[in-house]
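Below, read A as the first sequence line, B as the second, and so on, with proteins coming before strands; counting in each chain starts at 1. Note that the coordinates shown come from a computational prediction; the quantities given were computed from them, not determined experimentally.
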Protein chains: 2
Amino acid sequence: MRLSELSEHSGVSTATIKFYLREGLLPPGRRISATQAEYGEHHLRRLRLVRALIQIGKVPVATAREVLSHVDDDSLGRTIRLGAALWALPQGNPPAEDLEDPEVAAATAELEELLTRLGWSNAQQIGALSPVYRSLAAGLATLRRLGFPGDLETLLPYARAMHELAERDLDALEALDSEAEQVETAVGSAVLFEPLLLSLRRLAQEEESARRYGY
Amino acid sequence: MRLSELSEHSGVSTATIKFYLREGLLPPGRRISATQAEYGEHHLRRLRLVRALIQIGKVPVATAREVLSHVDDDSLGRTIRLGAALWALPQGNPPAEDLEDPEVAAATAELEELLTRLGWSNAQQIGALSPVYRSLAAGLATLRRLGFPGDLETLLPYARAMHELAERDLDALEALDSEAEQVETAVGSAVLFEPLLLSLRRLAQEEESARRYGY
DNA sequence: AAGCATGGATAGTGGAGCTATCCAACGCCG
DNA sequence: CGGCGTTGGATAGCTCCACTATCCATGCTT
């Protein structure tokens, strides 16, 4: 495939593909001559992932580059690699603030407690390595600061539900051959599936509201 | 409160508040004189909601305006009002496409089936009125087009989990007095809580990955 | 051999959120 | 009263970012 063919197969304009090549989101093709390059199936898959990240996931180009670098980094262990890619994705939580802030400190402590009660012993170790605690704690603190309910008891059932579903997610990933493909799929499904999950949540709230109060 | 005091209490610059007033995200204050206006608690609450929508939720200004107009519209029934506000919020799903597209049509049919099996009879009627089906169907179709699993059996447990959690959400809302406050809270918690939920999901996936494969 | 397509480089476009500046009217101080 | 800093409103501008238009040397195709 040449660049223009890659463009036709993907529906992405050549100008945009060039832009992604320049930005390092897409690896360069195999050079055929001084002015031509050859692209393969791998480029097509990667291009689709990039589009999903940027168009659907609204991920900034620089962040997408970082995520992809983790996806491609086979020097990492499987879980770390997955984690690095997932946590580089924007989480929508407010930017991590000062750890000294008492609200944030309280939220952090509560998260530890939450993980203990969930029995997520690995997550506690992972959390220490990744920005996950800070991000979660900042989000939790903000929620509370604005007067929304975000106590431990509220969070527990949500977390349990997510873990139950995570088992299914991992089962699905096991069907894939290579580790790279698994991480790629996890990232893609984070970007594409998460909106669906939230839509289902909102629809469920409406359903429940209709049951209780009519229209 | 005058504009500058509103700014101090909220931590939002006067220039930005002026911008929001201009854009209709914040109702004008009570005019004290030709060149001065008075703002109250309501303005402060609304300003915080606007900041949450725009800063955390990355909601475009025009969309925020629409969401807020639904929040304030007390001519609607409770459920419709809630639904209008929630569905005006960006869902992250790809833009709704052609209904003729066979992929989208198939996804739509499957959604109907999903709701039937869930027993969400109200949601079926609500869906007909709101862009929810189109948005969900488009997201589902995109997911499949890129080769991710998105069949009925996969979706069912997620939807059930969301409904279970929605009951808790509605319980929490019942503690609030006015309907306007309930809708406002639902919107705020959609914006602030959803990222937390997704973070929990990602953390759960990592926990499960660590359990299965180590680090 | 002629002409058009290719890939690479560079500068430019458009939109969105926010901000700097200006101005007339106001209120507080003596 | 009179002067001066402050207020709210209007306008134009800034910055960032994803993307695109244009140009050019090269080389494939017929």
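- Note on B:S4: only backbone sugar-phosphate atoms sit closer than 4.0 angstrom, heavy atoms only; bases stay farther off.
- Considering only side-chain N and O atoms, B:T16 lies nowhere under 4.0 angstrom from the phosphate OP1 or OP2 of C:dC18.
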Audit row: A:Q182, A:R78, side chain to side chain donor-acceptor pair (under 3.5 Å) steps and yes/no:
CA-CA 9 Å; A:Q182 292 186 347; A:R78 192 196 210 95; 2.8 Å; yes

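- Remark: B:H70 pairs with no residue by the side-chain hydrogen bond (donor to acceptor under 3.5 Å, both in side chains) rule, at least two apart or across chains.
- Annotation: of the two residues near DNA chain C, A:A37 and B:R2, the 5′-most nearest-nucleotide partner is A:A37.
- One finds a side-chain N or O of B:S13 lying less than 4.0 angstrom from the OP1 or OP2 phosphate oxygen of C:dT19.
- Shown here are the salt bridge (Lys or Arg N to Asp or Glu O under 4.0 Å) partners of B:E110, two or more places apart in sequence or in another chain: B:R144.
- A:E38 places its CD atom 13 Å from the P atom of C:dG8, with the value rounded to the nearest Å.
- At a non-hydrogen distance threshold of 4.0 Å, A:R51, A:I54, A:P60, A:V61 from residues 42-63 of chain A come into contact with DNA chain D.
- With sequence neighbours excluded, the residues satisfying side-chain hydrogen bond (donor to acceptor under 3.5 Å, both in side chains) with A:R46 are A:D72, A:E184.
- Nucleotide C:dG17 holds its C1' atom 13 Å from the CZ atom of B:R65, rounded to whole Å.
- A straight line from CD of A:E5 to P of C:dT6 spans 8 Å, rounded to a whole angstrom.
- By the salt bridge (Lys or Arg N to Asp or Glu O under 4.0 Å) test, A:E38 is found to be paired with no residue, residues two or more places apart in sequence or in another chain being considered.
- With sequence neighbours left out, A:E23 forms a salt bridge (Lys or Arg N to Asp or Glu O under 4.0 Å) with A:R65.
- Under the side-chain hydrogen bond (donor to acceptor under 3.5 Å, both in side chains) criterion, B:Y215 pairs with A:N122, A:Q125, sequence neighbours left out.
- Taking 4.0 Å as the cutoff to heavy atoms of chain B, we find the contact window on DNA chain D bounded by D:dT7 to D:dT11.
- Applying a 4.0 Å cut-off to non-hydrogen atoms, the residues of residues 19-32 of chain B that approach DNA chain D are B:R22, B:R31, listed by residue number.
- Among residues two or more places apart in sequence or in another chain, the ring-ring contact (aromatic ring centres under 6.0 Å, His included) test is passed with B:Y158 by A:F193.
- With sequence neighbours left out, B:E181 forms a side-chain hydrogen bond (donor to acceptor under 3.5 Å, both in side chains) with no residue at all.
- The two atoms that bring B:N93 and B:G139 nearest to each other are OD1-CA, 4.2 Å, heavy atoms only.
- Take A:E41 and apply the salt bridge (Lys or Arg N to Asp or Glu O under 4.0 Å) test, not counting sequence neighbours, and it matches no residue.
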